[in-house]
2 protein chains.
Amino acid sequence: MDTFFEQNTSFFLDNPKLAEDFQKIVSVTKFPKHFIIHESGKVCDDLYIITSGIARVFYYREDKNITCHFAAEQESITAIDSFIQRKKSKYYIEALEDLEVLKISHSDLEKLFTSSPKFEHFGRLFLQQIYIDLVERLDDLQLKTAKERYETLLEKKPYLFQRVASKHIASYLNITPETLSRIRGK
Amino acid sequence: MDTFFEQNTSFFLDNPKLAEDFQKIVSVTKFPKHFIIHESGKVCDDLYIITSGIARVFYYREDKNITCHFAAEQESITAIDSFIQRKKSKYYIEALEDLEVLKISHSDLEKLFTSSPKFEHFGRLFLQQIYIDLVERLDDLQLKTAKERYETLLEKKPYLFQRVASKHIASYLNITPETLSRIRGK
DNA sequence: AATTTTACTTGACAATTGTCAATAAATTAT
DNA sequence: ATAATTTATTGACAATTGTCAAGTAAAATT
């Protein structure tokens with residue numbers, strides 16, 4: 001999970017000056033349900049921390065719509081390929097519910113990192129955290145069966161099954177909607 | 001790939017002082033073929049940059065030996081869960097050939113990061129790079145067929161097929177040795 | 001070099017998951 | 001509320017990949 005920011009509020013609480021610097025580059029933004037926040041083929045300049053609602057990252061492969069990331073409250077979302085490499089993205093970002101986010105631009109974030117080693121350090125810790133998350137997901141995908149992947153996700157992110165269309169969960173788990181339906185039907 | 005260090009030698013060349021600081025914490029070490037450099041259940045204190053040879057990270061799942069990372073010359077290897085989180089690792093690291101590495105301890109690396117924002121910055125960039133690599137691998141595993149995953153690896157790391165046992169490549173691709181043999185037999 | 005061990009290949013068959021089609025249910029639009 | 005559209009479920013069948021077993025090849029050990 002990247003409830004990392006939540007866990008690290010102490011970082012800001014201990015440092016009113018840093019909290020202020022951070023506040024300055026963050027803007028509260030809202031998107032309606034179904035809104036495409038970012039489109040494939042464009043450079044993604046923003047990172048979002050969700051304060052309310054749920055969103056997904058997806059892309060197309062042979063006409064199929066593949067979800068590769070979900071984010072809900074306290075989690076972050078961006079078109080990571082583009083945000084990091086500053087190139088055109090293969091990903092879309094979609095609001096799956098009405099969304100309220102903290103928006104942070106890449107350039108402001110880089111300035112923040114440059115302005116203070118403490119932020120640079122924080123950025124590195126953040127990347128470490130999401131790297132570990134990704135390693136776990138890869139291990140899951142690498143050798144669990146469809147049913148096991150379903151059960152793992154049910155445990156890690158149970159709210160998805162209440163709030164998100166099954167077809168998105170199916171593609172995230174790398175199975176067809178039919179197979180997911182059969183797994184759920186026990 | 002994490003030929004990242006190679007590409008970033010300019011970082012050190014431009015900064016003789018930084019290069020010197022880096023040199024100080026690096027030690028050249030050798031391991032013979034088949035040597036288990038790190039064992040599951042222990043905390044991994046070292047990061048290795050390979051200068052000669054090839055190594056793999058693996059773990060056990062239900063008695064099956066699963067390879068989840070390969071590294072060759074100019075690439076880095078560690079038990080990433082443990083190195084980042086400072087907890088017992090699920091992974092083993094094994095030398096698949098006689099190995100010569102640059103060894104860097106976690107504590108020295110952290111000191112280096114703290115000593116200079118430039119290093120902290122470099123650490124963040126390094127993590128960004130390996131994060132992107134991992135995202136690509138996840139995308140591959142998420143929806144390519146066994147044959148496509150084979151072809152992708154053949155393109156990205158052709159030397160593996162000359163230097164590494166097929167069974168390791170098979171588990172890395174999440175297929176059985178039998179299936180890999182059939183794919184190769186065209 | 002010979003022996004032992006380990007790895008690779010091939011075949012027959014089984015299991016898992018996917019595809020296609022039809023229907024039911026749910027959501028969205030009118 | 002009703003109609004239209006999208007999504008989810010279910011069945012029949014097909015395709016991909018896995019399992020098990022046997023034999024061959026290669027590598028490691030003596």
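Sequence lines set the chain letters: A, B, ... in the order given, protein chains first and strands last, and positions in each chain run from 1.
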Answer yes or no for Lys90(B) and Tyr59(B): cation-pi contact, defined as NZ/CZ to six-membered ring centre under 6.0 Å and angle to ring axis within 45°. yes

If you go through the side-chain atoms of Arg182(B), does one of them form a donor-acceptor pair with the base of dG11(C) closer than 3.5 Å? yes

Calculate the interatomic distance between Asn174(B) atom CG and dT16(C) atom P; express it in whole Å. 16 Å

Atom CG of Asn65(A) and atom C1' of dT6(D): how far apart are they, to the nearest Å? 14 Å

Interatomic distance where NE2 belongs to His168(A) and C1' belongs to dT27(C) [whole Å]: 14 Å

Can you see if the side chain of Ser181(A) gets near the phosphate of dT9(D) - specifically, an N or O under 4.0 Å from OP1 or OP2? yes

Rounded distance (Å) that lies between atom P of dA22(C) and atom CD of Glu178(A): 14 Å

Given dC8(C), dT19(D), dT17(C), which nucleotide is nearest the side-chain atoms of Thr145(A)? dT17(C)

Without decimals, in angstroms, what is the distance between Glu97(A) CD and dT28(C) P? 12 Å

Of Lys33(B) and Leu180(B), the one whose closest DNA chain D nucleotide lies more 5': Leu180(B)

For Lys64(B), report the nucleic acid contact type (base, sugar-phosphate, nothing); a contact means any heavy atom under 4.0 Å. sugar-phosphate

Please find the pair of heavy atoms, one from Asp46(B) and one from Thr78(B), that lie closest to each other, and give the distance. O-OG1, 2.8 Å

Do you know the tightest heavy-atom contact between Asp139(A) and Cys68(B)? OD1-CB, 4.4 Å

Reckon Ile175(B) touches a base, only the sugar-phosphate, or nothing at all at heavy-atom distances under 4.0 Å? sugar-phosphate

From dT17(C), dT6(C), dT28(C), pick the nucleotide closest to the side chain of Lys167(B)? dT6(C)

What is the distance from CD of Glu148(A) to C1' of dG18(D), rounded to the nearest Å? 14 Å

Look at the side-chain N and O atoms of Ser166(B) and state whether any lies under 4.0 Å from the OP1 or OP2 oxygen of dC8(C). yes

Test Thr152(B) against every option in Lys144(B), Glu136(B), Arg137(B) by the side-chain hydrogen bond (donor to acceptor under 3.5 Å, both in side chains) rule and name the one that passes. Lys144(B)

